[in-house]
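Each chain gets a letter, A, B and so on, in the order its sequence line appears, and its residues count up from 1.
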Protein chains: 4
Amino acid sequence: MTNTQVTHVQIDNYGPWTVTPEPRREVDLQTLQSRLYADLSQLIGNRGGYVFFSRFDNMIAVTNGLDEDDHALVQESVGNRYPVTMSLSVATGTTPAEALGTATEALQEAGSAQDKSRREILRGRTIDEEFRTAEDLQIAHFDVNDATGKYTDQLNEFDTFIRIEQGYAELMRYMRRAYDSLSFFVGGDNVIAVCSEMDAAEYQDAVDHVREAVDVELKVGVGRGRVAQDAGMAAKHALEECRATGEDVHVDWATGETDPSA
Amino acid sequence: MTNTQVTHVQIDNYGPWTVTPEPRREVDLQTLQSRLYADLSQLIGNRGGYVFFSRFDNMIAVTNGLDEDDHALVQESVGNRYPVTMSLSVATGTTPAEALGTATEALQEAGSAQDKSRREILRGRTIDEEFRTAEDLQIAHFDVNDATGKYTDQLNEFDTFIRIEQGYAELMRYMRRAYDSLSFFVGGDNVIAVCSEMDAAEYQDAVDHVREAVDVELKVGVGRGRVAQDAGMAAKHALEECRATGEDVHVDWATGETDPSA
Amino acid sequence: MTNTQVTHVQIDNYGPWTVTPEPRREVDLQTLQSRLYADLSQLIGNRGGYVFFSRFDNMIAVTNGLDEDDHALVQESVGNRYPVTMSLSVATGTTPAEALGTATEALQEAGSAQDKSRREILRGRTIDEEFRTAEDLQIAHFDVNDATGKYTDQLNEFDTFIRIEQGYAELMRYMRRAYDSLSFFVGGDNVIAVCSEMDAAEYQDAVDHVREAVDVELKVGVGRGRVAQDAGMAAKHALEECRATGEDVHVDWATGETDPSA
Amino acid sequence: MTNTQVTHVQIDNYGPWTVTPEPRREVDLQTLQSRLYADLSQLIGNRGGYVFFSRFDNMIAVTNGLDEDDHALVQESVGNRYPVTMSLSVATGTTPAEALGTATEALQEAGSAQDKSRREILRGRTIDEEFRTAEDLQIAHFDVNDATGKYTDQLNEFDTFIRIEQGYAELMRYMRRAYDSLSFFVGGDNVIAVCSEMDAAEYQDAVDHVREAVDVELKVGVGRGRVAQDAGMAAKHALEECRATGEDVHVDWATGETDPSA
């Protein structure tokens, strides 16, 4: 059973900051947002976690392996080096969506995202070491079949981008609705999803759904692990298996557990 | 009449590089992609241009104000500091989509995105100084009405993210199909579009379309300029006007031209 | 007794890389070097360590708190994101200079800094957890008395820089020769030294020496700790004590040990 | 005759900021300082200039090619993305030291480096386009003969560092005193100097002086140009000539002027 620890990261009072005293140069906002995300990727990744840029002013991280002190350190490092501060709220749940819901709620209770006085909230509970297992996380790595041949080398870049976006938008909605799982576009033609306890047949269902709904063909590799880095790397290798065999779905129950759908 | 100069930026052979000799740590790929984008934002922004991250391995920039030497400098700076190289192709057109189409085509003719031997292509024509005008660019800055009140402070972050994504996906498709314009999500609840020659009624049409199609309420500020920075900053200020007056659309024909739809 | 764990970080084959196929733009080399150092600062700092830029192609870190796997992670992260790779060699010693000597030797045995084929060496032993104590590190934070009043607000910036450099050059040589300690300029008018087992009188001696030799007036705060972050932060606070009381030297034997020179 | 345009860059109120409300983590200060410097290197380098990190809170740039608006852009970009702001003062002179003296003075007149209320000063005059020539700048690139063989592959890294520092400290003082020129350590065993109108015999004199004073053997390549990038790249190539021929000094009067000492 998955036990996902999710952290909701939110820049404090960002909207107002971007237009006070007047609107700031867009290229500088883009630079700041991207570099803040990159820093979080390294800070959280240094402990085996993953973080997704989402909307940049609000980001979602999988933080199994980081305790409250680790979260405080991330917050302090950012506070020392950026013109903005961040609030962090962490929670766990048997599904990723449930964990995120709890985390977001705690943050909202502390104050609005645009509350002038709410700064550097740090809330929530991380999983005690004794309760952590190698099946806590299930991560899926999707990509589009032959994106380079079908789109990148054929269409103008925006039309390729539209096709990839359509595939992503459909997958993200379906995985959330049907499986309480959270999917994130990570560049190129890749989507990484943080999943609930799903089996191979359910991944096949998601792939079929996207093909039928928007005519975008996906394949997916799935892995398990104690931290996102482990599950995610196993998923990458599983995806390479798909590339080699032509399968739509390849799951790696590396912990030795048999495929529950078998 | 708009005369958009668009540059298609593509990382050479990126897909294979990310998995050779074996899959690389995701947090490192995210860090590299984000920082490369941030660097381009500063390099291109230093000359008044804008660049959008799109798919990260393929990015789209509005480069009115940058000539071929400026493009070569961007390419060289990246080649000196990253483990990957980039190809750039620039073209102009009376609509942004047309310009991008020409740029992408020239790049595709030089070789596949995953061609082992295609490296650091630099192709295309920039607009001669004598032909540049203050109406070359039209940029629109959209945001979601009361995103903080309706979504960020109410729903869990992924559900907020889904709503914003839906609004963006619909807007991007419609603006491309109906107006040959290119729209990019830039964080928070903001979308920046690089537009063809559109008038206030057409922007209202786009806003109405998104409201009807996916029930997401947008407002938009529009500006003109010689370079993206000018048009984009005018658009930001125009958006603040909407925020103050409650309008859906505010255009700033700062060059003194009357609104063509009047 | 101090037990300093030192890591010598060296970029592989950097000299030749900077001029192949021909000399690279200096501003790009400066950007790469500085950002690589900044990344190491965060990666090593995330585990309580300190790293000093030294010559940029060769850097020195205090890595008590990082084991071999942690070192491998730092090396991998850099290898994934830069156009160069790094070799790391770690060793311990009762004095910092001794530890560094052992670390450098192991690296030299693996091959020259400009050996075309030597890449990503990872050598050495880190201190087993059971042998680590709160007195392993002694860190001193020096600054120049009233640098702003005497120099920054009076002389042209290069002449101020010369004065600060003279003070640093004299301190670095003396601390190395007399106390086997390693001192690093860290910006402004600040020098941080990684020290052997020194007492207050010995710090006073170093301060007096620099005053007599080059007429630069220093003060110093000293701290102890299990990791560089702890000892270094204690040293910063001790320096603030000096600023308040006018003392030349303030040591904080926070572990409760009495000042050995008392 | 050289006509160097020098900009003194100073972070506003930095000392107090680093310890308010209490001392900040050193690794974060190092990260901020290094990345700020890297950003300036790209921003100023984008226009053909060079910037040297010096003391990090105070930096020195050669800005021939940047006008007042370009300086304002650099200042704005930093102000939008960092938790600190910068003041800039630019001046020109027939020698680099003279230019810097004028620039620093203007900054000091505006207020102390630690003045709570002095923020984002922008002062000074840049060279009018009509007065700029290809001999405005003379840049010298020094390195230590066989540093790798003599030091890096032989001594422990700190002792190598001490030797390089000694050579630099002596060169910086002599070039300033005898030739009003400003020398900066740029990593490895390299020093870049911004020079007054010097000839080959004077460079030989500087090399001889350092050999006699501290027994460090240097060689030097010298170039001229309209902007630092041009003069600096010519100097790099000239240094490669020295490496090939064994000369101590190689000057490249690329503009076609004969060597004034001939």
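When heavy atoms are compared at a cutoff of 4.5 Å, B:Leu239 does not approach chain A at all. Only the side chain of A:Glu240 comes within less than 4.5 Å of a heavy atom in chain B; its backbone stays farther off. B:Gln154 touches chain A through its backbone: at least one of N, CA, C or O sits under 4.5 Å from a heavy atom, while the side chain does not. For chain A, no part of B:Ala147 is nearby; none of its heavy atoms comes within less than 4.5 Å. Looking at A:Val186, the atoms closer than 4.5 Å to chain B (heavy atoms on both sides) sit in the backbone and in the side chain alike. The parts of A:Ile162 that come within reach of chain B are both its backbone and its side chain, each placing non-hydrogen atoms under 4.5 angstrom from that chain. With a threshold of 4.5 angstrom between heavy atoms, B:Thr148 approaches chain A through side-chain atoms but not through N, CA, C or O. With a 4.5 angstrom heavy-atom cutoff, A:Glu26 touches chain B via backbone and side-chain atoms both. With a threshold of 4.5 angstrom between heavy atoms, A:Ile192 approaches chain B through side-chain atoms but not through N, CA, C or O. For A:Asp143, no part sits under 4.5 Å from any heavy atom of chain B, backbone or side chain. Of the atoms belonging to A:Phe52, not a single heavy atom falls under 4.5 Å from chain B. Proximity to chain A is absent for every atom of B:Leu32, based on heavy atoms less than 4.5 angstrom apart. Contact annotation for B:Asp39: both backbone and side-chain heavy atoms come within less than 4.5 Å of a heavy atom of chain A.
For the atom pair CD1 of A:Ile164 and OG of B:Ser54, the computed distance is 11.5 Å after rounding to the nearest 0.5 Å. With rounding to the nearest 0.5 Å, the separation of CZ in B:Phe161 from CG in A:Leu182 is 10.5 Å. The OG atom of A:Ser41 sits 9.0 Å away from the CG atom of B:Leu29 when rounded to the nearest 0.5 Å.
A donor-acceptor pair under 3.5 Å is absent between the side-chain atoms of B:Arg35 and the main chain of A:Ser34, judged by distance alone. For B:Asp57 (side chain) and A:Gly187 (main-chain N/O), no donor-acceptor pair under 3.5 Å exists by modelled atom type.
In summary, the aromatic rings of B:Phe184 and A:Phe158 are positioned with their centroids under 6.0 Å apart. In summary, the aromatic rings of B:Phe56 and A:Phe185 are positioned with their centroids too far apart to meet the 6.0 Å limit.
The stretch residues 100-109 of chain A places A:Leu100, A:Gly101, A:Thr104, A:Gln108 near chain B, each with some heavy atom under 4.5 Å from a heavy atom of that chain.
When the candidates A:Ile11, A:Asn156, A:Val51, A:Leu155 are compared by the number of heavy-atom contacts under 4.5 Å with chain B, A:Asn156 comes out ahead. If you tally non-hydrogen atom pairs under 4.5 Å between each of B:Gly188, B:Gly15, B:Gly45 and chain A, the highest count goes to B:Gly188. With chain A as the partner, the residue from B:Gln33, B:Arg25, B:Arg24, B:Gln229 showing the most heavy-atom pairs under 4.5 Å is B:Arg25. Interface summary for chain B: among A:Glu157, A:His237, A:Arg176, A:Lys236, the most heavy-atom pairs under 4.5 angstrom belong to A:Glu157. Counting heavy-atom pairs closer than 4.5 Å to chain B, the top-ranked of the candidates A:Glu22, A:Gln42, A:His141 is A:Gln42. Interface remark: of the candidates A:His8, A:Glu165, A:Met233, A:Met172, A:Met172 forms the most heavy-atom pairs closer than 4.5 Å to chain B.
A heavy-atom distance below 4.5 Å is not found between the side chains of B:Tyr50 and A:Gln30.
Residues meeting the salt bridge (Lys or Arg N to Asp or Glu O under 4.0 Å) test with A:Arg173, sequence neighbours left out: A:Glu170.
When only modelled atom types and interatomic distance are considered, A:Thr160 and B:Arg55 share no side-chain donor-acceptor pair under 3.5 Å.
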(request) Report the C-alpha distance between B:Asp153 and A:Gln114 in whole Å, list the side-chain angles of each, state the deciding distance to 0.1 Å, and finish with yes or no for side chain to side chain contact (heavy atoms under 4.5 Å, CB included). (result) CA-CA 9 Å; B:Asp153 289 345; A:Gln114 296 195 352; over 6 Å; no
(request) For the pair A:Arg177 and B:Asp159, evaluate salt bridge (Lys or Arg N to Asp or Glu O under 4.0 Å) and give the outcome as yes or no after the intermediate values. (result) CA-CA 10 Å; A:Arg177 191 169 69 232; B:Asp159 291 337; over 6 Å; no
(message) Apply side chain to side chain contact (heavy atoms under 4.5 Å, CB included) to residues B:Val27 and A:Ile44 and explain how you reach the verdict.
(response) CA-CA 9 Å; B:Val27 293; A:Ile44 290 169; over 6 Å; no
